[in-house]
Amino acid sequence: MAAKVGLFFGSTTGNTRKVAKLIKSRFDDATMSEPVRITKASPEDLLAYDYLILGTPTLGDGQLPGQSADCDENWEEALERLGDVSLAGKTVALFGLGDQATYPDAFVDALADLHEFVTAHGARVVGAWPADGYDFSDSRALQGDSFVGLALDQDNQADLTEERVDAWLKSIAGEMGLPS
Ligand SMILES: Cc1cc2nc3c(=O)[nH]c(=O)nc-3n(C[C@H](O)[C@H](O)[C@H](O)COP(=O)(O)O)c2cc1C
């Protein structure tokens, strides 16, 4: 039987991939898929799951990979492939990698783009994450005092990643059907 939760990511230098692997390491194969690179995923691959965890770095000037910078890990293209697909009935949790010291005005902005896409297509998004403990000036991914998904910074706060991931997974366990 296929896993309950599908885990998809894009990654240029490997940071988001590493976090995806960390997330997967917490669950068995019946619960969560192996992390799949979004460039290798078809729309059907994503649509096979009622629960999705999607991860992206922010690149360019606060953008999803593919919106400006030339790179292989093209989330933008993947969303275009998904087109006007319905995500109604799906529950989605998002995580985003960024660098708050170098890009304090656009910290994890790409989370906002993924959030906009999946909500516009009918998905329910869970896993908002408090913005305490970060040092940045602006982020499109903020809604009130929280990010729309888990914000991680491997460039400046790598030592906090594991505990943030575990706390976040615990916080979404009930809504994502994960063992807690
Ligand atoms: C060209 C470039 C542009 C970036 N732009 C942003 C940005 O606008 N906002 C941000 O939070 N991080 C930005 N970053 C930082 C990356 O998101 C961060 O290093 C991330 O961990 C990379 O993940 P990856 O290795 O999975 O691609 C940028 C990095 C690069 C190389």
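These numbers come from a predicted model, not from an experiment. Counting convention: from 1, in listed order, for ligands and their atoms alike. Note that the numbering runs from 1 along the sequence shown for the chain.
- Where the criterion is an N or O separation shorter than 3.5 Å, residue side chain and backbone included, Gln154 fails it with respect to ligand 1.
- At under 3.5 Å, a nitrogen or oxygen of Val108, whether backbone or side chain, sits near a nitrogen or oxygen of ligand 1.
- Residue-to-ligand polar distances place Thr58 within reach of ligand 1: an N/O pair is separated by less than 3.5 Å.
- With respect to the salt-bridge test (charged N to carboxylate O, under 4.0 angstrom), the residues Arg140 and Asp113 qualify.
- Between the OG1 atom in Thr56 and the CD1 atom in Ile38 there is a gap of 9.5 Å [rounded to 0.5 Å].
- At a 3.5 angstrom cut-off on N or O pairs, Thr12 counts as close to ligand 1.
- For Arg164 and Phe147, the positive end is not near the middle of the six-membered ring at less than 6.0 Å and at most 45° from its axis.
- Near Asp155, meaning under 4.0 Å from any of its heavy atoms, are these atoms of ligand 1: 18 (C), 19 (O), 21 (O).
- A donor-acceptor pair is defined here as one N or O able to donate and one able to accept, closer than 3.5 Å; no such pair exists between the side chain of Ser33 and the backbone of Ala3.
- Between Pro57 and ligand 1, no N or O atom pair is found at a separation short of 3.5 Å.
- Residue nearest to atom 8 (O) of ligand 1, selected from Gly55, Gly62, Pro104, Gly14: Gly62 (by heavy-atom distance).
- Under the side chain to side chain donor-acceptor pair (under 3.5 Å) rule, Gln154 has a single partner from Thr161, Asp159, Thr16, Asn15, which is Thr161.
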